[in-house]
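For reference, the structure is listed below as structure tokens.
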Amino acid sequence: MDYPGNLFVVAAPSGAGKSSLVKALLQIDSHLDVSISHTTREPRGQEQEGREYHFIDHDTFKAKIAAGDFFEWAEVHGHLYGTSRVAIEERIAGGQDVVLEIDWQGALQIKKIFPNAMLVFVLPPSWEELAQRLNRRGEDRPEVIAKRLSNARVEVAQARHFDFVIINALFESAVFDLKTVVHSQRLKYAAQLRSKPAVFRALDLG
Ligand code: 5GP
């Protein structure tokens, strides 16, 4: 599918700082929109319906799968998460760039549907630092943190399938790295051709 907008997919084990990185990127990049996923998990802390997620129950989620409403969906940490078609298709068709914050399974599904999608994996600098960050966050119960840490081993092993890897040791450097990935993707010949066909036509290119 050759849409004028670019699709970026950012994955990471929880605690690696993915959400903060994407939030920082959105603040400095007005051409980028984030896609709000659907999930069956309960809201955490200050989370609000329609801001971090659309929170729906299991039956509604299953009905959406059956209706073909999701581009991809996956079970992560015992809950269902999915990216709805409407969340991205209209926007990239209209030339808007979209970033998805999803898990590795969803990222690999998206790459099959959109081969132009850029997959970015965010790694923590070490296992110790990841554990400290999850504990510091204070949002989850100890058994939930333990589960997330053991899942992180499986998740991190998937980084090899991604186009880019960002090691989030120093937050500001990682934001810069993410911004660089997004910017360089936009400058690729094929991406420029997709987003500015009139310029290419005028120059007898394309
Ligand atoms: P959390 O519950 O911590 O918000 O998210 C748990 C994991 O699910 C994270 O890795 C997050 O990126 C992932 N996730 C969030 N939305 C989606 C989605 O729409 N699809 C998939 N495959 N994973 C998602």
Side-chain angles (χ1 to χ4, degrees), residues 7-26 32-58 60-65 67-89 91-92 98-114 117-124 130-131 133-159 161-162 164-166 168 174 178:
L7 194 53
F8 300 96
V9 184
V10 183
S14 51
K18 174 179 58 170
S19 301
S20 310
L21 278 175
V22 170
K23 207 168 156 195
L25 179 69
L26 289 166
L32 204 56
D33 247 0
V34 72
S35 154
I36 311 294
S37 296
H38 287 71
T39 183
T40 59
R41 85 151 161 75
E42 294 291 315
R44 253 195 328 242
Q46 303 295 309
E47 287 179 341
Q48 282 174 22
E49 163 58 33
R51 191 178 67 185
E52 285 80 12
Y53 286 105
H54 297 291
F55 296 97
I56 59 177
D57 61 35
H58 204 267
T60 310
F61 199 101
K62 289 285 177 186
K64 280 184 156 296
I65 296 173
D69 286 354
F70 293 127
F71 263 131
E72 65 74 34
W73 65 273
E75 185 174 335
V76 190
H77 312 311
H79 300 288
L80 301 177
Y81 295 83
T83 306
S84 70
R85 288 176 183 277
V86 286
I88 50 180
E89 204 162 33
R91 285 189 274 176
I92 57 173
V98 175
V99 59
L100 309 182
E101 253 188 84
I102 60 179
D103 89 311
W104 66 270
Q105 306 170 79
L108 299 183
Q109 290 179 56
I110 289 287
K111 189 78 170 183
K112 283 197 193 129
I113 306 168
F114 298 99
M118 268 301 113
L119 306 192
V120 184
F121 202 96
V122 180
L123 287 174
L130 186 68
R133 287 182 191 173
L134 280 174
N135 281 306
R136 238 183 280 142
R137 194 157 78 173
E139 284 178 343
D140 294 307
R141 295 187 309 275
E143 62 272 24
V144 173
I145 293 180
K147 186 171 184 189
R148 286 182 178 228
L149 273 173
S150 74
N151 287 346
R153 301 265 166 184
V154 179
E155 293 164 341
V156 162
Q158 305 301 322
H161 303 301
F162 282 61
F164 293 95
V165 170
I166 293 175
N168 185 13
L178 188 55

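Every number for a ligand or one of its atoms is a count from 1 in the order of the listing. Source: prediction; values computed, not measured.
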Find all atoms of ligand 1 within a distance of less than 4.0 Å from any non-hydrogen atom belonging to Glu101, and give their numbers and elements.
12 (O), 14 (N), 15 (C), 16 (N)
Nearest protein heavy atom with distance in Å, relative to atom 10 (O) of ligand 1:
Lys18 NZ, 3.1 Å
Proximal ligand 1 atoms for Gly106, defined as those under 4.0 Å from one of its heavy atoms:
22 (N)
Starting from the C-alpha separation in whole Å, work towards a yes-or-no answer on side-chain contact (heavy atoms from CB on, under 4.5 Å) for Phe71 and Leu100.
CA-CA 12 Å; Phe71 263 131; Leu100 309 182; over 6 Å; no
Contact with ligand 1 for Arg148, non-hydrogen, under 4.0 angstrom
yes
Options Tyr81, Trp73, Phe70, ranked by nearest heavy atom to atom 6 (C) of ligand 1, top entry:
Tyr81
Hey, does His38 sit under 4.0 Å from ligand 1 if you only count heavy atoms?
no
The atoms of ligand 1 lying under 4.0 Å from a heavy atom of Ala74, numbered in the order shown, are 22 (N)
Check whether any side-chain N or O of Gln109 sits under 3.5 Å from a backbone N or O of Trp73 as a donor-acceptor pair, and report yes or no.
yes
Within the 4.0 Å heavy-atom cut-off, what Gln109 brings close to ligand 1 is neither
Mark the output for Arg41 as yes if a heavy-atom distance to ligand 1 is under 4.0 Å, and as no if none is.
yes
Quick one: look up the protein heavy atom nearest atom 5 (O) of ligand 1 and list residue, atom name and how far away it is.
Tyr53 OH, 3.3 Å
For Phe162 versus Ala107, what's the shortest heavy-atom pair and its separation?
CZ-CB, 3.6 Å
Contacts of His38 that satisfy side chain to side chain donor-acceptor pair (under 3.5 Å) - sequence neighbours left out
none
Are Phe61 and Phe70 close enough that their ring centers fall under 6.0 Å?
yes
Test side chain to side chain donor-acceptor pair (under 3.5 Å) applied to Glu143 - qualifying residues, sequence neighbours left out
Arg141
Once you restrict to heavy atoms under 4.0 Å, what part of Glu72 touches ligand 1? Side chain, backbone, both or neither.
side chain
Considering distance alone, does some N or O of Gly82 sit under 3.5 Å from an N or O of ligand 1?
yes
Between the side chain of Glu52 and the main-chain N/O of Gln48, is any donor-acceptor distance below 3.5 Å?
yes
Nearest protein heavy-atom contact for atom 13 (C) of ligand 1: which residue, which atom, what distance?
Asp103 N, 3.7 Å
Heavy-atom nearest pair, Thr83 first then Ser35, reads CG2-OG, 3.8 Å
Any idea which heavy atoms bring Arg137 and Ser14 closest together, and the distance?
NH2-CB, 4.1 Å
Using a strict cut-off of less than 4.0 Å between a Lys/Arg side-chain nitrogen and an Asp/Glu carboxylate oxygen, indicate whether Glu72 and Lys111 qualify as a salt bridge.
no
Atom 16 (N) of ligand 1 has as its nearest protein heavy atom Ser37 OG, 3.1 Å
Starting from atom 7 (C) of ligand 1, which protein heavy atom do you reach first, and at what distance in Å?
Val76 CG1, 3.6 Å
